[in-house]
Structures are given as C-alpha cells and as structure tokens.
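To keep things clear, I will list the structure first and then write my remarks on it.
In what follows, every heavy atom counts, from backbone to side chain, and hydrogens, waters and symmetry copies are set aside. Both counts, for ligands and for their atoms, begin at 1 and track the order of listing. It should be emphasised that the depicted structure is a prediction, and the values quoted were computed from it without experimental measurement. FYI, the numbering just counts along the sequence from 1.
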Amino acid sequence: VSSINFTPLHDLDGTITPNGLCFERHHSGVARVDPAQHRLMIHGFFDKPLVLTMEDLKRFPRQNHVYFLECAANSGMEWRGSQLNGCQFTHGMIHNVMYTGVPLRLGLEEAGIKPEGKWLLAEGADAAAMTRSIPMEKALDDCLVAFKMNGEALRPEQGYPVRLVVPGWEGNMWVKWLRRLEVGDQPWHHREETSKYTDLLADGVARRFTWEMDAKSVITSPSPQAPITHGPGPTVLTGLAWSGRGTIPRVDVTIDGGITWHEARMDGPSTPKALHRFYYDFEWDGKPLLLQSRAHDSTGYVQPTKNALRAIRGENSIYHNNGIQTWAVDAD
Ligand SMILES: Nc1nc2c(c(=O)[nH]1)N[C@H]1C(S)=C(S)[C@@H](COP(=O)(O)O)O[C@H]1N2
Ligand SMILES: [Mo]
C-alpha cells in the first residue's frame, strides 16, 4: 500500500523528532527485512564490487549527525490555495533525527570507484524497490549509510536495518531498506525522477533533479491544532525553520499579516541541514492576529511568499512549496 502519515509538529518542542512520532512515507508498504539475511551490494564502475552484511557495515568508522528529512511534497496541497487546517498536515512531512552511520564515501572508496563513475543508483528492498540517481559529488560529500536513529535501531517504518541519508536533499532520495548501490556514468531516469518528483511549470516544462530543499519555516504554535487557550497577556509563539543549504541564522515573525516584522529569538542547536527552533514572546491584546514566519538561511536566501513562488512556478506543481504560511487567530 502507498501510504503517508504526518509528524505532529504542533505538539512538539525543541528540534529532535522522537522516533515514534516521525512521519512515514511508503510507496509500497513497510518492508520486513531480517538483518541477518540482509545484504548491501555495491557494484557497477568499481575495481572490486562488494556485498556487505550488516556486520561488515558496522566495522567501518561511523559518525553521528542530526539532519532533517523533508518530503518534496510537503506543503504540496497548498500550491493553489489553503486547504489543510493545521501545521501537522501542511508541514508535517518532515522529521529531524540524529543518525548513526557510515559515511557513504567510505563504502564507495572501499570498492574503488573507476573514473567513469559519475552517478550512483540507490535501491530499496521494499516492494516499490525505490530507486534514485544521485550525482557522485553528493555521494562522496555528506551522505550516510545509517543504521541508528536517535540512538536506537532504525524503526521498520524508517528503513530497518539500513537507510541512506542524503542531507538537505528531498526525502525521496533517502532510500529505506537500502539493498543496492550501483555506480554508472549517467543518471538512470527512473520513475521517481521523471514522472514523479519533477516540478511541472505553467508552460508545461518540468524542472528535473530539484534535489535541494529550499529554506522554509512554519509557526507550530499558535496554530489551528494548538490554539491560544488563555486571555490577553503574555503569549509564546514558536516554530521551526530549516534549509537544505546550511543553517538558519535568522527568522522574522509578524503577528499582523506582514505590516510589522520582528526578529525571532533562535534557541537550541544550530547545525547545517537540521531543524532550528525559534520563539517570539509577545503581549497579546486579545484582538485577531495573522501569524507568519520568514526564514533567512546561511547563504543569504530569504523564504518567499507563496504568491512570489506561484509567479515563477505556476500552480501545477506538487513539489518544493517553501512559501510563507499564514495562520489566522480570532479574538475568541
Ligand atoms: N525504499 C523506500 N525508500 C523510501 C521510500 C519508499 O517508499 N521506499 N519513500 C521515500 C519518500 S517519498 C520519503 S519522503 C522518505 C520518507 O522517509 P520516512 O518514512 O522515514 O519519513 O523516504 C523515502 N525513501
Ligand atoms: Mo516523499
């Protein structure tokens, strides 16, 4: 079954997503994989193709990194207008986890990449056999072959016993139940990089290989599922911001629909390609509010309005909607 559920962002604080609350996206159900039987095959343009057991994998030097995973379709229902009433549904196809894993580079170097090897194919062991082409530059940069999340084994739903971590890039490339890595001299043009996960523009041309997740933010509280339940007075506004290109040094917040903006207070860890937490503590006067947040990332990029995005990308797309989200608060 093709299925999806959503991280309850409105109920969480800090930046780490607890394992049991991570959203799940399965194109063909959850695979049940016996770690003792599981093999990771590394083949193609290599000097010495490898077949690794989980035990083999755990003898490579490992690292720990916190990264967000965002589905490219997150907020995709909102391209033409607002439809979903709650940040869990508009923005909940994201989680932020500390992964323990082996740098993908080490596995590829062990097999010895030939000079013609420019692209990597990653394939999952589920019924969907999820397959994506990844440029070698990224594969050798910061990708991980991960077997732990937040310290414990990956959950079956998150790819137990092993998944690919592709920091800052769209969630679809983070192949779960990873069973095969093939190196070639060009991309494979699989379903998930042609028919799906391409961005159809107004003129009918589709943008392809839009891997990086642009800077984005959302106010998680107050929000439709987490309304203000007290009267006028001190009020805590909080939210999340992230960028596939680096850190988030600054988030702006408005409570009057963009007439006046205030710099939010960042609190918690700030590491590249991970969620950041922001707060804006204000005195509510009991009147209606229009809440928005705007992320700035470490490259200087500023999160656009949805209308600015629509002007460039049209309204056909599902993927890569990183526009500013508005929540309305009524006096009651
Ligand atoms: N093998 C496999 N990997 C997969 C998928 C899948 O269906 N099968 N779904 C992809 C998609 S579209 C996303 S958004 C992420 C979701 O990861 P999660 O289930 O850990 O949230 O996994 C990706 N990796
Ligand atoms: Mo996805």
Side-chain angles (χ1 to χ4, degrees), residues 1-9 12 16-33 38-41 66-77 88-101 104 120-134 143-150 152-182 188 190-199 209-213 216 242 244 273 275 317-322:
V1 280
S2 176
S3 57
I4 183 120
N5 57 33
F6 302 89
T7 305
L9 300 177
L12 303 180
I16 295 291
T17 315
N19 289 343
L21 297 180
C22 286
F23 90 97
E24 303 162 28
R25 173 74 180 103
H26 316 300
H27 289 245
S28 202
V30 178
R32 281 169 185 247
V33 176
H38 191 66
R39 298 289 181 273
L40 173 58
M41 179 162 76
V66 176
Y67 293 122
F68 76 79
L69 177 165
E70 183 182 17
C71 177
N74 202 20
S75 318
M77 298 286 284
Q88 177 177 19
F89 310 112
T90 57
H91 289 72
M93 283 196 263
I94 191 165
H95 51 61
N96 193 60
V97 160
M98 178 177 282
Y99 295 96
T100 305
L104 176 58
L120 181 73
L121 184 79
E123 183 188 77
D126 54 334
M130 177 63 58
T131 20
R132 285 291 302 254
S133 306
I134 301 168
C143 294
L144 291 175
V145 177
F147 41 83
K148 294 271 159 70
M149 58 191 294
N150 293 329
E152 66 177 8
L154 290 173
R155 298 223 164 182
E157 296 81 1
Q158 261 73 43
Y160 179 77
V162 62
R163 94 175 297 168
L164 197 61
V165 168
V166 189
W169 288 25
E170 61 186 16
N172 185 257
M173 306 177 84
W174 298 46
V175 172
K176 302 190 277 192
W177 313 288
L178 182 68
R179 72 172 173 196
R180 192 165 75 87
L181 294 167
E182 180 179 351
W188 279 259
H190 268 290
R191 175 180 183 269
E192 313 299 336
E193 50 206 21
T194 52
S195 151
K196 307 295 174 191
Y197 299 97
T198 52
D199 316 329
F209 296 140
T210 46
W211 301 303
E212 280 176 311
M213 300 310 292
K216 189 165 169 181
W242 60 95
K273 307 171 187 180
L275 292 189
S317 207
I318 302 167
Y319 306 108
H320 295 281
N321 181 352
N322 68 316

Are any of the side-chain heavy atoms of Gln88 and Leu9 separated by less than 4.5 Å? no
Is there a side-chain contact between Val33 and Pro161, using heavy atoms and a 4.5 Å cut-off?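 Counting from C-beta outward, Val33 and Pro161 do come under 4.5 Å.
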For Thr90, side-chain contact (heavy atoms from CB on, under 4.5 Å) partners two or more places apart: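 With neighbours one apart ignored, the set is Glu78, Leu84, Cys87, Gln325, Trp327.
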Can you name the residues that form a side-chain contact (heavy atoms from CB on, under 4.5 Å) with Ala73, not counting sequence neighbours?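 Result, side-chain contact (heavy atoms from CB on, under 4.5 Å) vs Ala73: Cys71, Met93, Ile318, Tyr319.
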In terms of relative ring orientation, are Phe89 and Phe6 parallel, tilted or perpendicular, with 30° and 60° separating the classes?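 Judged by the thresholds at 30° and 60°, the geometry between Phe89 and Phe6 is perpendicular.
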The criterion is salt bridge (Lys or Arg N to Asp or Glu O under 4.0 Å); which residues satisfy it with Arg155, sequence neighbours excluded?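 With sequence neighbours excluded, Arg155 shows a salt bridge (Lys or Arg N to Asp or Glu O under 4.0 Å) to Glu152, given in chain and number order.
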Return the protein residues near ligand 1 (heavy atom under 4.0 Å from any of its atoms), ordered by chain and residue number. Phe23, Glu24, Arg25, His26, His27, Leu69, Cys71, His95, Gly124, Asp126, Met130, Glu157, Gln158, Arg163, Gly171, Asn172, Trp174, Val175, Lys176, Trp177, Tyr197
